[in-house]
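Reviewing the structure listed below.
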Amino acid sequence: MTEFKVNNREVSNVNVIDLSGYLDAHTAPILEDAFARLIDQNKFNIIVNFSSLDYISSAGLGVFMAFIDKVRSNSGDIKLTSMSKKIFNIFDLLGFPLLYEIFNDDTEAIQKFNSK
Amino acid sequence: MNENFYINEKASFKSTTNNLGEIRSFVGKILEQIDIPSDEKDNIILAVDEACTNIIKHAYKLSPDGDIILNITVRNSELAIKIVDYGLSFEPDTVPVPDIKELYRQHKVGGLGLHLIKSLMDDVKFKIIPGVRNEVSLKKKIAQKSISRI
């Protein structure tokens, strides 16, 4: 069985999606829904916090690719924070740090959003 | 060196993403018997997940009735995982190495899984018999000391 949860919160006009559990091809649609809901509400400054994520496969990484263009074309961004070394290594293997800003914690990412 | 060391475990799963957690657990339990670093175990589990996800999505086109057969053997200093399916075949050599910036431009994510599998394992070979069966063989060298306690 695969357990995966998302939680949404708003901090300083930035929307934070907290991930927990296992993000794979089975659970990726849950994250897709979370992004789609924010975009429907015209919320384009998005942080994804990985601190409680145990596992990610390429299906999970694919979700970020699916939404990033829409978000950036609306002057927003998806910034990634609080990744364990294990999760970062997967992003790194696929070259994602070339496309996404990855921060140590939410505070750094929020500062980056609010400084633009 | 313990020449008698040997693991040979087989399991069959239906082709639904709902089974990915169970597939990872099956691989993880076998890897518990081997004293290798946890990050190496994580990489092997991820490679199997990626291979099975590709089978579910591409060989069986998300139909849940297909069979995925996993056979894991550990002998001397090699872990070998054979994954067989009976779905649609493909030409593994035609899958390009993904260029993340190009994929971004095209809004596509194709090929990420296969690239990960090749990055995480020491050897990846396909044996495709179109219309009959597809087999992917994943191999990882493991230090002899990792298995001497068995």
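Throughout, protein chains are lettered first and strands after them, A, B, ... in sequence-line order, and every chain is numbered starting at 1. These numbers come from the heavy atoms of this one structure, side chains and all, not from hydrogens, waters or symmetry mates.
Between the CG atom in B/L114 and the OG atom in A/S58 there is a gap of 10.0 Å [rounded to 0.5 Å]. Distance CG/A/N89 to CG/B/D39: 8.0 Å, rounded to 0.5 Å. Atoms CG and NE2, on B/N18 and A/H26 in that order, are 4.0 Å from each other to the nearest 0.5 Å. With rounding to the nearest 0.5 Å, the separation of CG in B/N43 from CD1 in A/I90 is 6.0 Å.
A/V48 and A/I102 end up in the same hydrophobic cluster when Ile, Leu, Val, Met, Phe, Trp and Tyr side chains are linked at under 4.5 Å. Under the 4.5 Å side-chain heavy-atom criterion for Ile, Leu, Val, Met, Phe, Trp and Tyr, A/L31 and A/F91 are members of the same hydrophobic cluster. By the criterion of side-chain heavy atoms lying less than 4.5 angstrom apart, applied directly or through intervening Ile, Leu, Val, Met, Phe, Trp or Tyr residues, A/L99 is not grouped with A/F103; the two fall into different hydrophobic clusters. Using a 4.5 Å cut-off between side-chain heavy atoms of Ile, Leu, Val, Met, Phe, Trp and Tyr, with links allowed through other members, B/L88 and B/F90 fall into different hydrophobic clusters.
If you measure heavy-atom distances from A/L94 to chain B, the contacts under 4.5 Å come from both the backbone and the side chain. Contacts of B/I56 with chain A are absent, with no heavy-atom separation under 4.5 Å from either backbone or side chain.
Side-chain atoms of B/L120 and A/L93, non-hydrogen and from C-beta on, do get closer than 4.5 Å to each other.
The neighbour count for B/K41 NZ, taken as heavy atoms of other residues, nucleotides or ligands under 6.0 Å away, is above 12. Atom CD of B/E91 is surrounded by 12 or fewer heavy atoms from other residues, nucleotides or ligands within 6.0 Å. In the displayed structure, B/K82 atom NZ is contacted under 6.0 Å by at most 12 heavy atoms of other residues, nucleotides or ligands.
Applying the salt bridge (charged side-chain N to carboxylate O under 4.0 Å, His left out) test to residues at least two apart or on different chains, the pairs with a partner in residues 124-138 of chain B are B/D123-B/K125, B/K127-B/E135, B/R133-B/E135. Screening residues 34-56 of chain A for salt bridge (charged side-chain N to carboxylate O under 4.0 Å, His left out), with sequence neighbours left out, gives A/E10-A/K43. Among residues at least two apart or in separate chains, salt bridge (charged side-chain N to carboxylate O under 4.0 Å, His left out) pairs with a member in residues 91-107 of chain A are A/R9-A/D106, A/K79-A/E101, A/E101-A/K112.
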Evaluate B/R24 against A/D24 for side-chain contact (heavy atoms from CB on, under 4.5 Å), listing each step before the verdict. CA-CA 11 Å; B/R24 291 194 297 268; A/D24 62 10; 2.8 Å; yes
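Applying a 4.5 Å heavy-atom cutoff, the residues of residues 44-54 of chain B that approach chain A are B/I45, B/L46, B/D49, B/E50, B/T53.
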